[in-house]
Amino acid sequence: MKILYVTSEAAPFAKTGGLGDVAGSLPPALAREGAEVAVALPLYRRIRDRYGDQLTFECYDYVDLAWRHIYCGLFSMKKDGVTWYFFDNEQYFDRPELYGYLDDGERYAFFSRAVVRMLDRLAFWPEVISANDWQTALVPIYLKDDGVREERYRSIKTVFTIHNIEYQGRFNPYVLGDLFGLDPGWVQDGTMLMDGDLNLLKGAILSADAVTTVSPTYANELKMAYFAHRLESIMRQCEYKLHGVLNGIDTEVFDPATDKRIAYNYSVGDMEGKAKDKAELQRMLGLREDPDMPIVGIVSRLVSHKGLDLVCEVIHDMMGLPMQLVMLGKGDQKYEEFFRWAGQQYQGRMAVALDYNEDLSMAIYSGADLFLMPSRSEPCGLSQMIAMRYGTVPVVRETGGLRDTIQPYDALRDAGNGYSFANYSSGDMLYVLRSAVYLYRDYPEAFARLRQRAMESDFSWKRSANAYLSIYAGLWGQVWPDPALAAEEEAAPVEDAAPVAEEAAAPVEDAVPVAEEAAPVKDAEPAPVAEEATPAEEGGKKKKSARKKHSGK
Ligand code: GLC
């Protein structure tokens with residue numbers, strides 16, 4: 001299958017957030033599963049600076065967008081089994097930042113238009129184009145528009161992925177022709193019109209052959225007003241083509257056994273390095289050096305959907321627990337001010353860095369014991385998966401991908417890989433955090449087993465890549481895996497399947513991702529079972545597979 005993946009960012013070339021991580025690691029994973037994959041990205045200044053000498057110049061052409069006739073250069077690079085294409089226009093992309101310019105609408109309209117215009121210059125004519133978020137929402141729209149006139153564009157199927165529905169690409173409808181080069185029909189029939197605005201995301205959702213989002217639970221949440229930022233009825237209308245596929249993480253980049261960014265390496269079999277990383281973190285941030293004091297880490301953009309209001313509400317109660325708090329992130333001023341102040345109140349027990357700092361974030365993932373993520377909404381969330389990989393047990397609110405990746409700790413059965421709470425309530429958050437802190441302090445062996453299950457949770461891309469491929473293939477009436485490839489695989493040793501990714505747009509009751517036997521223990525104090533009754537191996541792998549649940553659609 002030939003797939004073109006279109007994105008406004010991809011690691012390691014250019015990244016500002018989760019989309020960058022996903023777009024950097026999903027295409028290689030698709031290629032590993034046997035697809036032919038190319039990625040289209042704008043040639044930003046930072047890519048030219050860092051990778052310029054590794055790029056091959058392919059060709060140039062001019063792209064017509066409304067009355068504009070715009071130069072477009074095409075560069076390429078082969079990496080991880082994928083051809084990466086970079087679309088060059090210095091006026092639009094030779095700038096210090098990726099986003100945040102007044103003409104972002106025009107910049108990404110150019111990029112989307114150029115991708116469609118230059119298709120026959122690429123290594124292959126794609127069978128499927130996969131576009132992401134509002135910046136590339138015009139791709140399925142332009143393909144439909146061109147398809148009216150030229151048959152070959154109708155031969156391409158489109159998939160549109162929503163990473164966060166909050167960002168919709170809204171403009172004054174007046175610019176439809178002038179900026180985007182589209183006929184008035186696109187707003188007149190309502191396809192691109194929402195609450196009086198021109199809405200690119202809505203246009204893409206309606207135009208694409210399939211719509212995906214980054215977790216099964218978020219796919220369901222998107223049909224509710226609380227989560228959908230006004231698009232709930234559109235999402236309900238498009239339910240028939242909506243799929244939730246859980247993101248993975250790059251398990252080679254994020255591997256505590258080999259990661260050069262952390263001070264001491266470690267693994268499930270030898271956790272000594274983690275204890276040293278913890279001491280190092282305490283030293284580095286001026287916290288009291290106490291190996292028995294659990295460190296709770298927060299690494300987050302400081303914006304409202306991350307749920308930090310809950311932390312603000314009960315900060316004194318939290319700090320009344322025997323724990324230390326480390327917080328890294330920047331964002332809205334009100335949170336920055338609050339946490340700066342709080343850090344001063346609890347010197348030696350709370351450290352606050354209002355920054356975006358990858359090295360420090362890795363020091364927290366490796367050095368902390370618990371990882372707090374009380375999000376109000378979270379399409380998928382990658383940090384909780386990274387934290388688990390580094391043996392830092394997550395405490396999360398049950399929303400979106402957090403609900404799909406965390407099985408709450410069950411003391412009775414010695415099961416689960418983290419802690420979670422359902423209601424958006426600071427009291428509930430405090431309650432589970434307290435349970436986690438006391439499990440750490442009073443039942444170290446039970447905590448060690450919980451930590452091990454977290455570390456062994458499988459968030460590799462393999463399974464999700466196959467879920468995408470089966471959606472892509474399905475648009476052509478095909479099944480995936482390709483029977484020929486599957487036969488080959490059978491001959492090879494089978495890897496332990498990752499149990500976490502689901503492809504499902506199922507009714508809410510069906511999408512409950514936790515193992516049936518792992519009933520939440522919200523109202524049970526953590527009274528761990530006798531150590532010998534539950535050998536360490538029992539908790540992890542076997543339990544996880546019980547979470548496999550297919551929507552049967
Ligand atoms: C967005 C979402 C985040 C998700 C990421 C990658 O940043 O907010 O939850 O993990 O996209 O899909």
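Both counts, for ligands and for their atoms, begin at 1 and track the order of listing. Source: prediction; values computed, not measured.
Closer than 4.0 angstrom to ligand 1 by heavy atom are Gly18, Leu19, Val22, His163, Asn164, Val214, Asn247, Glu378, Pro379, Cys380, Gly381, Leu382, sorted by chain and number.
Pairs of residues two or more places apart, or lying in two chains, that qualify as ring pair (Phe, Tyr, Trp, His ring centres under 6.0 Å) and include a residue from residues 369-399 are Tyr365-Phe371.
Salt bridge annotation for Asp355-Lys330: absent, with no cationic side-chain nitrogen under 4.0 angstrom from a carboxylate oxygen. Ion pairing between a basic and an acidic side chain is recognised when a charged N comes within 4.0 Å of a carboxylate O; Asp259 and Arg261 show such pairing.
By the 6.0 Å and 45° rule, Arg107 does not stack over the aromatic ring of Phe93.
With Val37 as the fixed residue, the side chain to side chain contact (heavy atoms under 4.5 Å, CB included) test singles out one of Val82, Asp80, Thr83: Val82. Partner Met235 forms a side chain to side chain contact (heavy atoms under 4.5 Å, CB included) with one of Asn220, Leu242, Thr213 and no other, that one being Leu242.
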